[in-house]
Amino acid sequence: ATFNAEGAGTASHEIGTFNGGDFTVGGDVTVRSTGGDARVSVGGVGFQFRPGLAVGGDLRIVTGAGADEVTLTHLAVDDATVIETGAGADVVAIDDSDFGGRFTLRTEGGADAVRVERRMSAQLEGPTTFGDRVSVDLGRDDDALQLGVAGDPTRVVRLSGPARFDGGPGTD
């Protein structure tokens, strides 16, 4: 399944479940929003429902140069996950999700924020698990990366494979 939005203005993509039922895509899912500001939410849309969305192939999200928000919640991806955001102050939030294949996140310039297991909600109670290699490159400006919540054993991040986090030349 491929979802595209190009051109000026704000684009919004919500892919997943609204009523708490399971939703499965047997192959790859690609979301490309390269115009203005992008809002991409994949999984249990609205941070409400588990298990949310299962992707049987790769997940790829590409945004352009706007101030983008990418939210992955209650999501299970069997193969590779690639998230690429363009220049601009981008926010990537990941909660209660399982990534079976390689996970790659690249941001361009802008003060970017990446938060994994940050949301505090009764609906979010499990860890986020990365089952293979993790690579995070936060670009060249002032960026922030938060993994888990100190002192809360339900808000943890599990890394099963090697991980590389690169903050680039900015203040991180």
Side-chain angles (χ1 to χ4, degrees), residues 1-16 25 27-45 47 52-119 128-147 157 159-172:
T2 301
F3 304 90
N4 287 308
E6 296 182 21
T10 299
S12 180
H13 301 275
E14 293 183 343
I15 303 162
V25 175
D28 299 339
V29 172
T30 300
V31 180
R32 188 175 309 278
S33 188
T34 57
D37 299 342
R39 307 288 177 264
V40 179
S41 181
V42 181
V45 176
F47 297 107
L53 177 65
V55 176
D58 294 340
L59 173 64
R60 182 174 182 89
I61 299 172
V62 178
T63 65
D68 305 318
E69 293 179 17
V70 177
T71 304
L72 308 178
T73 306
H74 297 165
L75 176 66
V77 181
D78 287 349
D79 294 332
T81 299
V82 176
I83 302 169
E84 297 174 321
T85 66
D90 303 317
V91 175
V92 178
I94 303 169
D95 285 285
D96 287 15
S97 295
D98 297 305
F99 301 95
R102 289 183 179 215
F103 182 91
T104 303
L105 170 64
R106 286 185 215 99
T107 66
E108 292 288 328
D112 304 314
V114 177
R115 298 178 182 103
V116 183
E117 286 302 313
R118 172 81 164 96
R119 298 262 181 196
T128 292
T129 302
F130 297 90
D132 201 338
R133 182 175 304 270
V134 174
S135 177
V136 176
D137 182 350
L138 296 180
R140 62 182 181 270
D141 288 315
D142 299 344
D143 304 307
L145 171 66
Q146 179 177 347
L147 300 175
V157 178
L159 300 169
S160 298
R164 180 186 65 81
F165 300 96
D166 183 2
T171 301
D172 302 303

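Below, all heavy atoms of this structure are taken into account, side chains as well, without hydrogens, waters or symmetry copies.
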- Query: Of Ile83, Val77, Leu159, which meets side chain to side chain contact (heavy atoms under 4.5 Å, CB included) against Phe103?
  - Reply: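 With Phe103 as partner, side chain to side chain contact (heavy atoms under 4.5 Å, CB included) holds for just one option, Ile83.
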- Pairwise side-chain contact, Asp112 with Val92, heavy-atom cut-off 4.5 Å (strictly under):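 Asp112 does not reach Val92 side chain to side chain.
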- Taking side chain as C-beta onward, heavy atoms only, is Leu138 less than 4.5 Å from Leu145?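 They are in side-chain contact.
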- Starting from the C-alpha separation in whole Å, work towards a yes-or-no answer on side-chain contact (heavy atoms from CB on, under 4.5 Å) for Ile61 and Val42. CA-CA 10 Å; Ile61 299 172; Val42 181; 4.2 Å; yes
Interatomic distance, [X] atom [atom1] to [Y] atom [atom2] [nearest 0.5 angstrom]:
X      : Y      : atom1 : atom2 : result
Asp96  : Leu75  : CG    : CG    : 11.0 Å
Asp90  : Thr107 : CG    : OG1   : 6.5 Å
Asp98  : Thr81  : CG    : OG1   : 10.5 Å
Arg164 : Thr104 : CZ    : OG1   : 8.5 Å
Thr2   : Asp28  : OG1   : CG    : 8.5 Å
Thr30  : Leu59  : OG1   : CG    : 7.5 Å

- Item | Test log, rule side-chain contact (heavy atoms from CB on, under 4.5 Å), inputs Leu105 and Val114 | CA-CA 9 Å; Leu105 170 64; Val114 177; 3.6 Å; yes
- Item | Shortest non-hydrogen contact from Ala38 toward Thr63 |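 Looks like CB-CG2, 4.0 Å.
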- Considering residues at least two apart in sequence or located in another chain, which fulfil the salt bridge (charged side-chain N to carboxylate O under 4.0 Å, His left out) criterion with Arg102?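 Expected list: none.
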- Message: Among residues at least two apart in sequence or on other chains, which ones pass salt bridge (charged side-chain N to carboxylate O under 4.0 Å, His left out) with Glu84?
- Response: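 For Glu84 the salt bridge (charged side-chain N to carboxylate O under 4.0 Å, His left out) partners, ignoring immediate neighbours, are Arg60, Arg106.
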- Message: Determine whether Leu147 and Phe165 satisfy the following criterion, side-chain contact (heavy atoms from CB on, under 4.5 Å), listing intermediate values before the conclusion.
- Response: CA-CA 11 Å; Leu147 300 175; Phe165 300 96; 3.9 Å; yes
- Classify the ring geometry between Phe130 and Phe99 as parallel (under 30°), tilted (30 to 60°) or perpendicular (over 60°).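 Ring orientation of Phe130 relative to Phe99: parallel.
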